[in-house]
Amino acid sequence: MKNFDHRDGQQESDDTRNSSRRKNMKRLGGGGLSLQTFANLKSKNSHYNPSFIKKQKEFYKNAKYVSKFRKSMKQQSFHQEVDDGDDDKHKVKSHKRIGVEEVYKQTREEMEKARMEREAAFQVKKEAKEEAESRRKAAKGKMMRKTRHGQPVMKYRIEHLLESIKKSAENDGTRTG
């Protein structure tokens, strides 16, 4: 009987070792890599070369610009051929330049118009803001006035309340009407 007890005790200690090993493996995130897998991963080229990546980005950016330029030139030549109908290449080239200049002038004028409109809207906003600020300053000055004894002057406060009531009545009248 003692032999069986001895074996059972040994088996229990093996189980506790295995369970603690399993817990450690789980805690550490697995069993790790085999030597063969590790060697294979280290021998592969990672293909990470910052200078090569930078050159590639620059190349693609330049290619994008070239393709946009070619499209615009093709579009300009198409518009010129439709307008003229000439087969003489020399004349088409000179017309291309004129077309590009005209397009540049048009876009410049449109940009200038948009800028002027923005400035006008900004100016109107600025004037409205200044006017509102001056009204607030005047109202604040009246509201802060005091009598000789340090009491607020009720005349201006009552006027302010009356104005606000009139404004709200006007707004209600416009909403319902």
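This is a predicted model, so every value here is computed, not measured.
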### Message
Which residues pass the side-chain hydrogen bond (donor to acceptor under 3.5 Å, both in side chains) test with Glu112, not counting sequence neighbours?
### Response
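Checked Glu112 against side-chain hydrogen bond (donor to acceptor under 3.5 Å, both in side chains); matches are Arg115.
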### Task
Only counting residues at least two apart or in another chain, list the ones meeting side-chain hydrogen bond (donor to acceptor under 3.5 Å, both in side chains) with Ser134.
none
Tell me, please, which residues at least two apart from [X] pass side-chain contact (heavy atoms from CB on, under 4.5 Å).
| X | result |
| --- | --- |
| Ser51 | Asn49 |
| Lys126 | Phe122, Glu130 |
| Glu110 | none |

### Message
Rounded at 0.5 Å granularity, tell me how far CE in Met154 sits from OG1 in Thr147.
### Response
9.5 Å
### ILVMFWY clustering at 4.5 Å (side-chain atoms), partners of Val124
none
### Query
Tracing side-chain links under 4.5 Å among I, L, V, M, F, W and Y, which residues wind up in one group with Val153?
Tyr156
### Task
Any salt bridge (charged side-chain N to carboxylate O under 4.0 Å, His left out) involving residues 137-152? Give me the pairs, sequence neighbours left out, ordered by first then second residue.
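Qualifying pairs: none.
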Show which side-chain atoms of residues 157-170 pair as donor or acceptor with protein atoms under 3.5 Å away, not counting sequence neighbours.
unit_1 : atom_1 : unit_2 : atom_2 : d
Arg157 : NH2    : Met143 : O      : 3.1
Ser164 : OG     : His160 : O      : 3.4
Ser164 : OG     : Leu161 : O      : 2.7
Ser168 : OG     : Ser164 : O      : 3.4
Ser168 : OG     : Ile165 : O      : 2.8

Side-chain donor-acceptor contacts of residues 55-69 below 3.5 Å, not counting sequence neighbours, with atom names and distances?
unit_1 : atom_1 : unit_2 : atom_2 : d
Asn62  : ND2    : Glu58  : O      : 3.4
Ser67  : OG     : Ala63  : O      : 3.3
Ser67  : OG     : Lys64  : O      : 2.8

### Query
Considering residues, nucleotides and ligands other than Glu119, do more than 12 of their heavy atoms fall under 6.0 Å from its CD?
yes
